[in-house]
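Only a predicted model underlies this, so the values are computations on that prediction, with no experimental measurement involved. In what follows, chains carry the letters A, B, and so on, assigned in the order in which the sequence lines appear, proteins first and then strands, with residues in each chain numbered from 1.
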Amino acid sequence: MSPVPDPLELYRQILRIRRFEETVLNKFSSGVFFGTTHTYLGQEANAVGVLSCARPDDIVVSNHRCHGHFLAYGGEPRALFAELMGRETGVCGGRGGSQHLHWRNFYSNGVQGGTVPLATGMALAEKLRGSGAAAIVFLGDGTLGEGIVYESLNIASLWRAPILFVVENNRIAQTTPSELAVAGAIATRFEAFGISCIELDSSDVLEILPAAGRLLDEIHAEPSPRALVLHTARFGPHSKGDDTRDSIDVERLRRTRDPLVIHGARLPEEQRKAIEAEVVEQITLAFRLALGDPAPDPQSLPGATTP
Amino acid sequence: MSPVPDPLELYRQILRIRRFEETVLNKFSSGVFFGTTHTYLGQEANAVGVLSCARPDDIVVSNHRCHGHFLAYGGEPRALFAELMGRETGVCGGRGGSQHLHWRNFYSNGVQGGTVPLATGMALAEKLRGSGAAAIVFLGDGTLGEGIVYESLNIASLWRAPILFVVENNRIAQTTPSELAVAGAIATRFEAFGISCIELDSSDVLEILPAAGRLLDEIHAEPSPRALVLHTARFGPHSKGDDTRDSIDVERLRRTRDPLVIHGARLPEEQRKAIEAEVVEQITLAFRLALGDPAPDPQSLPGATTP
Amino acid sequence: MTTVLDALNQALHAAFQADETVFLLGEDVLDPYGGAFKVTRGLSTAYPGRVLPAPISEAGITGIAAGMALRGLRPVVEIMFGDFITLIADQLVNHIAKFRWMYNDQVRVPLVIRTPMGGRRGYGPTHSQTLEKIYLGVPGLRVLAPSSIGDPGGLLSRAILEDDNPVLFIENKLLYLLPVQHPAGMEEFEATESKAELLGEGDSYAPTFTLALGGAPPAAITLVAYGYMAELARQAALRLAYEFEIFTELVIPTQLAPFEIEAVLASTRRSGRLLTIEEGTFSLGWGAEILARSVEALGSGLRAARRVAALEVPVPASGILELQALPSVEHIVQTAKKMV
Amino acid sequence: MTTVLDALNQALHAAFQADETVFLLGEDVLDPYGGAFKVTRGLSTAYPGRVLPAPISEAGITGIAAGMALRGLRPVVEIMFGDFITLIADQLVNHIAKFRWMYNDQVRVPLVIRTPMGGRRGYGPTHSQTLEKIYLGVPGLRVLAPSSIGDPGGLLSRAILEDDNPVLFIENKLLYLLPVQHPAGMEEFEATESKAELLGEGDSYAPTFTLALGGAPPAAITLVAYGYMAELARQAALRLAYEFEIFTELVIPTQLAPFEIEAVLASTRRSGRLLTIEEGTFSLGWGAEILARSVEALGSGLRAARRVAALEVPVPASGILELQALPSVEHIVQTAKKMV
Ligand SMILES: Cc1ncc(C[n+]2csc(CCOP(=O)(O)OP(=O)(O)O)c2C)c(N)n1
Ligand SMILES: Cc1ncc(C[n+]2csc(CCOP(=O)(O)OP(=O)(O)O)c2C)c(N)n1
Ligand SMILES: [Mg+2]
Ligand SMILES: [Mg+2]
């Protein structure tokens, strides 16, 4: 049941996230965006691999590092740029900003861990309503610190919720290496609750995709939870300028774990170039259009006072 | 390093808890106690076995079902009766009642799970202060539903807190059988956080004691957490009249899993009788003295109004 | 006679019957036990599969129910003791109450969280509190509390079936065994019912009752109380009238938040004096907002204002201490006497 | 120039130096990062082993710190964003704040929980809130909030070193970069400092400042504000005086709970009018208790009272919305103008 992946489309999606996030980081200092951001640079193959296997009605629940998930889900770059710019045309009309997105069956929130029971409940609702849909929830290694994650695993297992837990273990949480924050082995934390788990140490979308596909097939075939632990690499800072890792280490990650390079190596150069041109144009245009979009009306707030 | 157990003393302690709790249940309807209670009937060997191995400075953190832990820790029956009766001489002057006790290094609270980080922090404090003491925290199977338990396990493991987690798995939480509330296997929940675990299915104090002793020796030798999972049997209702289990099943438990009978079988009848007489007298006296103890002064409350 | 417990239980049954998207999640809610306070009794037998017995995971089940609500169901959560609503603070404040607005009005969260609150049963510091004040004033969250007057069951069923926003539903434990009283049928009082208009939302479905002593002179004090405190305030109003000839009007809201105090203002405009009664601790309790709004609206027209509330300590287990720590008819009477 | 950030950072260093039982637990608090807002910078380098970098487990680390405090240490917890204090509600309310009283005064809990609060940085609904109001009025819990006036560092170090009770210490993010101002050295204002007596506890160590415009006519309104709002209120006081000839007195408490409003009452007795300013949402915010206590104490002597607070929505990410949602100097000025 896993989709037969179109390698060009996978490349396009990875690249779209890459260029989007680079634009975000580059333009941040110019003051066009509000607040802060957490880019998905380096982890693109996770979202693209997993969400390529999602069925149209499946639910995706994401976290602070949600741009990649949103774009891989099919979200519009322009709407996301506009959201970061606080425009009326943004995904949530500028109310949510970078971490708080909702569009179709995509939801994100900026409080670590609290999204996991939500996703579990959504999965259960789909099961109870007999819709056949499943939920996919993304969480980071650091978020395994939150107790509510385990409350959710326990109940998801007991109540056989059709949900895929995707841990993106980039081995760091903000500035905290996972050795300081995660005791034991991640996979066993799922198994302890009776949830079977696939673990992959790869940035290759063609490895991630079939693993996710297999788990989602199992979930759809007979509703019950599964986990996918993806060891991965964060290329950028946690948010904007806050990378405390040794730059040599980060360089090595960029060299050895780049999903764009790994998958790109499979494509002829001219196809890559064509996609590159297309994506750059798309992202550039999206950014420009968003910049021209209107700001929301402050008078729309309940109780707003006219100045 | 485990203490050489005195079988008479163990019997005396088990019996003291038994008679105390029976008195509580029997007298409740007469209106002498406030609120509610959760008796330790059937689980006495756990507290007695584990706490026989505690060193004088070790810390004990308990939950709603704390009478047995308190008495095995060395707490006075009279002070506990007085606390249940809301008297000034009670363990906490009547302020806490059945679930909220503190005396020396013994602490209990009535919110499930929230005591586990406290115990972990206490263990860490002893380590940081170099006192050499360890902490022992009791929790039930149902309490494994609370997320904060896992936050604590993770940190206890990372920071190598000298703590023994004792799960008393009586296979029920209030009225909920553990099949409905605990997914997977309990021991693996500790192992997933890198905490090694001994599991015992026994109501024999002479089996529990050495297992606890071994773990506490390890903890004292090199500060780090351990877990002891004790499969056990609750003989009474959850609190007062709320046992929803099949009475045949409870009867079978009483027949096959009675720590008093199991351990008592090792002692000559006359010794048992002598201890019985002594304990009954002690508990009867404690109850009577507590009944005569003064009530606290309501005017002592800050902001109290004179009527 | 129908007790408040019966009424709430029947309302749950009726809601399950009326709408098959209604589910209930909670600890120990299965029959024969039917919940620690029996409010869910019979449900799991009548509607197998729709009552979900949960592990001890208050935050988790609240979040799960919120997820269900976001996806088209109408879940009800029972938190066994109101003391444990501290455990759901993040789900309530940072998730549930925010979704609709933060997601630009694209979603609804039809979720009811019910919980028994309050003391006077000797349960001690962690099983006797009145904690709803921490959630009064959370944007996006409605907090309701029935009293024994009016239609507690109707309030619950409308919250479950008709309200598309999250509701925290507070049930004082001592209400459970009180008989439901029809406001029109109350001896000694004449009742009027109002439903304040809510900003941009039209009428609330949660009524406020104003009880005036039949045939009495104009009221000198407006008493305001909700939940079980409304019952104590009612008794105090009678004692004040018969023993001290102090006549009062009693306003009983069933919606605590968003605040809507038109009925309080209407009565206080007449009486000039305001006394709130609540079971939670004094500082920054519900009554503070009532007093604040009243002085904002009435200025020096508000001649005197007081609050009766619990003393600022944990609720003691010992009965004699607990009685002193929690508001009583006597406290209300004494405070009112000092106001005139 | 010392900023509030410097002052707090120095206070932590001094506390670590002064007492080796002081520890700090928090997320991302190790150098070189030194915490999300850099308040802990340098500590882990200077005091290795006493700064404990924690997993993302706000409730867990708070409980752990409480356990440490019960066993003779003086831990400080940093919660990275004040929005996440929802996660520690149960530990704060049902454990930490209760222990001393519930255990019959046998224990002490010398624990400080620090957290950056507030908006105006575009961080959106879950990273911009002012949530301390949910913990104002929890028996047994002290809530402090420095402003840039006075000695923010001293307040923190006394909380850490001298207070044997749990303290929630609120640091508005926009304060960090403001210079600390000595009250005596403020242009245009004459400052007096008071420390209210607390029930049975003697003087509080947390001062309240009252700023009067130098040489101005008697004040017509008493402004009350804390934290960063004190700065906005100060600016508003100047505009009101210079542009509208409305003279005010500004009262700035640093202790939010337990409430002690003697200084507010003293000023309001003079002015007859009271205006509170807070960054949290309006309903049942800190200002409600100030107004309630004031009307209780002053009755119709309180001629007018108002509150400026955040609109009752989540804090929007979009700057233009956020500015409208949160209180501004303009809001204060407009509200004050309507009061006279
Ligand atoms: C409850 C909560 N605590 C703290 C934060 C602040 N915070 C945002 S992201 C983050 C690190 C998350 O690490 P991880 O889960 O590994 O995800 P990653 O950033 O590596 O993708 C932290 C601490 C938060 N958003 N929510
Ligand atoms: C946070 C919280 N939720 C619910 C309760 C109510 N409650 C008290 S005891 C109990 C069952 C506990 O079961 P378990 O942990 O197995 O311990 P046991 O009673 O079997 O000893 C429940 C649900 C509570 N005290 N605290
Ligand atoms: Mg990470
Ligand atoms: Mg159990």
Engineer: Taking the side chain as everything from C-beta on, heavy atoms only, tell me whether C:Thr126 gets closer than 4.5 Å to B:Asn109.
Structural biologist: yes

Engineer: Where on C:Phe84 is there a heavy atom nearer than 4.5 Å to chain B: the side chain, the backbone, both, or neither?
Structural biologist: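 Side chain only.
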
Engineer: So, taking the atom named CG in B:Asp297 and the one named CD in C:Gln324, what distance separates them when rounded to the nearest 0.5 Å?
Structural biologist: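 It comes to 9.0 Å.
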
Engineer: What I'd like to find out is whether the side chain of B:Val182 reaches to under 4.5 Å of the side chain of C:Pro55, using heavy atoms alone.
Structural biologist: no

Engineer: Counting heavy atoms not belonging to B:Lys240, are there more than 12 under 6.0 Å from its NZ?
Structural biologist: yes

Engineer: Between B:Gly96 and C:Pro125, which heavy-atom pair has the shortest distance, and what is it?
Structural biologist: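 Scanning both residues, the minimum pair turns out to be O-CD, 3.4 Å.
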
Engineer: Check whether any side-chain heavy atom of B:Arg95 lies under 4.5 Å from a side-chain heavy atom of C:Leu321, and answer yes or no.
Structural biologist: yes

Engineer: Please look at B:Thr36 and chain C and tell me whether the side chain, the backbone, both or neither of the residue comes under 4.5 angstrom of a heavy atom of that chain.
Structural biologist: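 Both the backbone and the side chain of B:Thr36 come within 4.5 Å of chain C.
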
Engineer: Using every non-hydrogen atom in the two residues, find where B:Gly110 and C:His127 come nearest and quote the distance to one decimal.
Structural biologist: O-CE1, 3.2 Å

Engineer: For residues B:Leu301 and C:Leu311, report the shortest heavy-atom separation together with the two atoms involved.
Structural biologist: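 Looks like CB-CD1, 3.8 Å.
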
Engineer: Return the option, out of C:Glu27, C:Glu58, C:Glu312, with the maximum number of heavy-atom pairs under 4.5 Å with chain B.
Structural biologist: C:Glu58

Engineer: Side-chain contact test, heavy atoms from C-beta onward, threshold under 4.5 Å: evaluate it for B:Pro298 versus C:Leu323 and give yes or no.
Structural biologist: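 Of all side-chain heavy-atom pairs linking C:Leu323 with B:Pro298, none is under 4.5 Å.
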
Engineer: Only pairs of heavy atoms separated by less than 4.5 Å count here; which of B:Ala181, B:Gly97, B:Ser300 has the most with chain C?
Structural biologist: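 The answer is B:Ala181.
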
Engineer: For C:Tyr33 and B:Gln174, what are the C-alpha separation, side-chain angles and deciding distance, and is it a side chain to side chain contact (heavy atoms under 4.5 Å, CB included)?
Structural biologist: CA-CA 10 Å; C:Tyr33 191 62; B:Gln174 199 143 338; 3.0 Å; yes

Engineer: For residues C:Asp28 and B:Asp242, determine if any side-chain heavy atom of one lies less than 4.5 Å from a side-chain heavy atom of the other.
Structural biologist: no

Engineer: Which distance, rounded to the nearest 0.5 Å, do you find between the CE of B:Met85 and the OG of C:Ser318?
Structural biologist: 11.5 Å

Engineer: As an exercise: rank C:Gly319, C:Pro32, C:Ala36 by heavy-atom pairs under 4.5 Å with chain B and give me the winner.
Structural biologist: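 Greatest number of close heavy-atom pairs with chain B: C:Gly319.
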
Engineer: Taking side chain as everything from C-beta outward and backbone as N, CA, C, O, which of these in C:Ala59 sits under 4.5 Å from a heavy atom of chain B? Side chain, backbone, both or neither.
Structural biologist: neither

Engineer: Ignoring hydrogens, what is the shortest heavy-atom contact between B:Phe34 and C:Ile320? Give both atom names and the distance.
Structural biologist: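 That would be CZ-N, 4.5 Å.
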
Engineer: May I ask you to list the residues in residues 137-147 of chain B that approach chain C closer than 4.5 angstrom, counting heavy atoms only, ordered by number?
Structural biologist: B:Gly142, B:Thr143, B:Gly145, B:Glu146

Engineer: Near C:Glu245 CD, under 6.0 Å, is it more than 12 heavy atoms from other residues, nucleotides or ligands?
Structural biologist: no

Engineer: I need the C:Leu30 CG to B:Thr244 OG1 distance, nearest 0.5 Å.
Structural biologist: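 Answer for the CG-OG1 pair, C:Leu30 versus B:Thr244, is 9.5 Å.
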
Engineer: Please state whether the side chain, the backbone, both or neither of B:Ala295 comes within less than 4.5 Å of a heavy atom of chain C.
Structural biologist: side chain

Engineer: Restricting to salt bridge (Lys or Arg N to Asp or Glu O under 4.0 Å), what partner residues turn up for C:Arg234, sequence neighbours left out?
Structural biologist: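 Partners of C:Arg234 under the salt bridge (Lys or Arg N to Asp or Glu O under 4.0 Å) test: C:Glu231.
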
